[in-house]
Amino acid sequence: MPELPEVETIKRSLEKSIVGKKITGIQILLAKQFQGRKEDVLGAKITAIERRGKILKISLSSGKNLLIHFKLTGQLVWVPKAGERATLGHPIPFAGSELPAKTTHVIFEIDGPPSPKASARQGGRLFFNDLRQFGWIKVVGELDEQMTRELGNLGVEPLIKEFTVEKLSSILQSSSRPVKLVLMDQEKIAGVGNIYANETLFEAGILPTRPAKKLSNEEIKKLREAIVKVLEDGLKYGGSSAADEAYIKPTGEAGEYQKHFRVYQRAGQPCPRCGTKIQRIELGGRGTFFCPRCQK
DNA sequence: CTGCGGTCCTGAAGGC
DNA sequence: TGCCTTCAGGACCGCA
């Protein structure tokens, strides 16, 4: 499921392939997943791509932005126009299957400007696929009501310097909820979901059920380092494409971070550190994995 | 503030 | 074989 490292990977990939190009067409195959007016998007140039928490923001020359939330199974796949693909040696689209797929719900047609550089002018199609249909694309203006609703309440970005021990400490001290739920609260820390919360707590040696405000200063310090390390690892491996996950990069390639899971979806298997069986419990309705010996 | 259950949705897995 | 039930999960909503 796209969390911070996955969305950041998507962002970096699309920056290379579609920034500077123009949206020349949109096909909306499932209306509920595209909220806004087509006219605000058609004919606009893509000027920038950013990420805030788990949300992707595509800025347009029209002054509007496309906000995209992938939720559990959303994907963006970029397929350059046939013919030019061979020239670039582009990887296989959509893990080998045909697009549009049954799960394709929105298609953007994108053309590049005249340019001496092949990759800069190459047009193609950007497919928004979403098996579970929980994701969404919203057209919003800078600082408008929708934009504020979606982005305004997000918490601190964990990979910027403002995410200090003091900041994390104040976040944790304000809640008696289990620390894992606080890590996953988007209004506290933006971008951490179930996978990275589980892996982070293993890395820090802290039980997911511990009341947030009861962590010691030493534990808070370790937790901050663990959050940063685990998210950066996720990013290094291009995100995680686990067995039950739909995440792929816009090139159609899988991420590799699932090969480095130490607790997530490893119930019953030995802890990589001490060999004790990894346990699974439910916390806030989510599968929660931990080593009962390494995590205190 | 906190937790709980329901909602959206589909494919996989399990039961018989 | 085939039908039926159960379940996972990000974010949100109503309720206790």
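Note on naming: letters A, B, ... go to the chains in the order of the sequence lines (proteins, then strands), and numbering restarts at 1 for each one. Computed from a prediction, not measured in an experiment: that's the story for all the values here.
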Contact list (N/O, under 3.5 angstrom) for nucleotides 10-12 of chain B vs protein:
{"unit_1": "B/dT10", "atom_1": "OP1", "unit_2": "A/Gln133", "atom_2": "NE2", "d": "3.1"}
{"unit_1": "B/dT10", "atom_1": "O2", "unit_2": "A/Arg132", "atom_2": "NE", "d": "3.4"}
{"unit_1": "B/dT10", "atom_1": "O2", "unit_2": "A/Arg132", "atom_2": "NH1", "d": "2.9"}

Legend entry - Sugar-phosphate, base or nothing in reach of A/Gly287, heavy atoms under 4.0 Å: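 If one applies the 4.0 Å heavy-atom cut-off, A/Gly287 turns out to touch the sugar-phosphate alone, with no base involved.
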Inset, instruction - Could you tell me whether A/Pro178 contacts a base, only the sugar-phosphate backbone, or nothing, with contacts defined as non-hydrogen atoms closer than 4.0 Å? - result: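 A/Pro178: backbone/sugar contact only, no base atoms under 4.0 Å.
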Inset, instruction - Classify the angle between the aromatic ring planes of A/Phe128 and A/Phe70 as parallel (below 30°), tilted (30 to 60°) or perpendicular (above 60°). - result: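 A/Phe128 vs A/Phe70 ring planes: tilted.
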Legend entry - Mutual orientation of the aromatic rings belonging to A/Phe108 and A/Phe34 [parallel < 30°, tilted 30-60°, perpendicular > 60°]: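 Rings of A/Phe108 and A/Phe34: tilted, 30 to 60°.
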Inset, instruction - State which residues pass salt bridge (Lys or Arg N to Asp or Glu O under 4.0 Å) with A/Glu162; sequence neighbours excluded, sorted by chain then number. - result: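 Expected list: none.
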Ignoring hydrogens and geometry beyond distance, is a side-chain donor-acceptor pair present between [X] and [Y] at under 3.5 Å?
{"X": "A/Thr251", "Y": "A/Glu253", "result": "yes"}
{"X": "A/Asn194", "Y": "A/Lys180", "result": "yes"}
{"X": "A/Tyr247", "Y": "A/Gln258", "result": "no"}

To the nearest Å, give me how far apart [atom1] ([X]) and [atom2] ([N]) are.
{"X": "A/Tyr196", "N": "C/dG10", "atom1": "OH", "atom2": "P", "value": "13 Å"}
{"X": "A/Leu29", "N": "B/dC9", "atom1": "CG", "atom2": "P", "value": "17 Å"}
{"X": "A/Glu282", "N": "C/dG10", "atom1": "CD", "atom2": "P", "value": "12 Å"}
{"X": "A/Met184", "N": "B/dG3", "atom1": "CE", "atom2": "P", "value": "13 Å"}
{"X": "A/Phe70", "N": "C/dA11", "atom1": "CZ", "atom2": "C1'", "value": "16 Å"}
{"X": "A/Asn198", "N": "C/dG9", "atom1": "CG", "atom2": "P", "value": "9 Å"}
{"X": "A/Asp185", "N": "C/dG9", "atom1": "CG", "atom2": "C1'", "value": "16 Å"}
{"X": "A/His105", "N": "B/dC8", "atom1": "NE2", "atom2": "P", "value": "16 Å"}

Under 4.0 Å from OP1 or OP2 of [N]: is there any side-chain N or O of [X] that close?
{"X": "A/Lys71", "N": "C/dC12", "value": "no"}
{"X": "A/Arg177", "N": "B/dG3", "value": "yes"}
{"X": "A/His69", "N": "C/dA11", "value": "yes"}
{"X": "A/Thr73", "N": "B/dC9", "value": "no"}

Inset, instruction - Answer with yes or no whether the hydrophobic clustering places A/Met184 together with A/Leu231; edges join I, L, V, M, F, W, Y residues whose side-chain heavy atoms lie under 4.5 Å apart. - result: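 In one cluster: no.
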In terms of side-chain heavy atoms of [X], which of [options] is nearest?
{"X": "A/Tyr264", "options": "B/dT2, C/dA11, C/dG9", "result": "C/dG9"}
{"X": "A/Glu150", "options": "B/dT2, C/dA8, C/dC12", "result": "C/dC12"}
{"X": "A/Gln186", "options": "C/dA11, C/dG9, B/dG3", "result": "C/dA11"}

What are the atom names and distances for every N/O pair under 3.5 Å that joins the protein to nucleotides 13-16 of chain C?
{"unit_1": "C/dC13", "atom_1": "OP1", "unit_2": "A/Arg149", "atom_2": "NH2", "d": "3.4"}

Inset, instruction - Verify the neighbour count for atom CZ of A/Arg293: are there more than 12 heavy atoms of other residues, nucleotides or ligands below 6.0 Å? - result: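 Counting neighbours around CZ of A/Arg293, 12 or fewer heavy atoms of other residues, nucleotides or ligands fall under 6.0 Å, so no.
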Legend entry - 5' priority, DNA chain C, between A/Glu187 and A/Leu72 [closest heavy atom]: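 Counting from the 5' end, the first nearest nucleotide belongs to A/Leu72.
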Legend entry - From A/Ile49 atom CD1 to A/Glu15 atom CD, the distance as rounded to the nearest 0.5 Å: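 CD of A/Glu15 is found 6.0 Å from CD1 of A/Ile49.
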Legend entry - Cationic N near anionic O, under 4.0 Å, A/Arg52 to A/Glu150: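 Looking at A/Arg52 and A/Glu150, the cut-off is not met.
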Inset, instruction - Would you say whether A/Phe134 stacks on C/dG9? The test is a distance between ring centres of less than 5.5 Å and an angle between planes of less than 30°. - result: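 Base of C/dG9: not stacked against A/Phe134.
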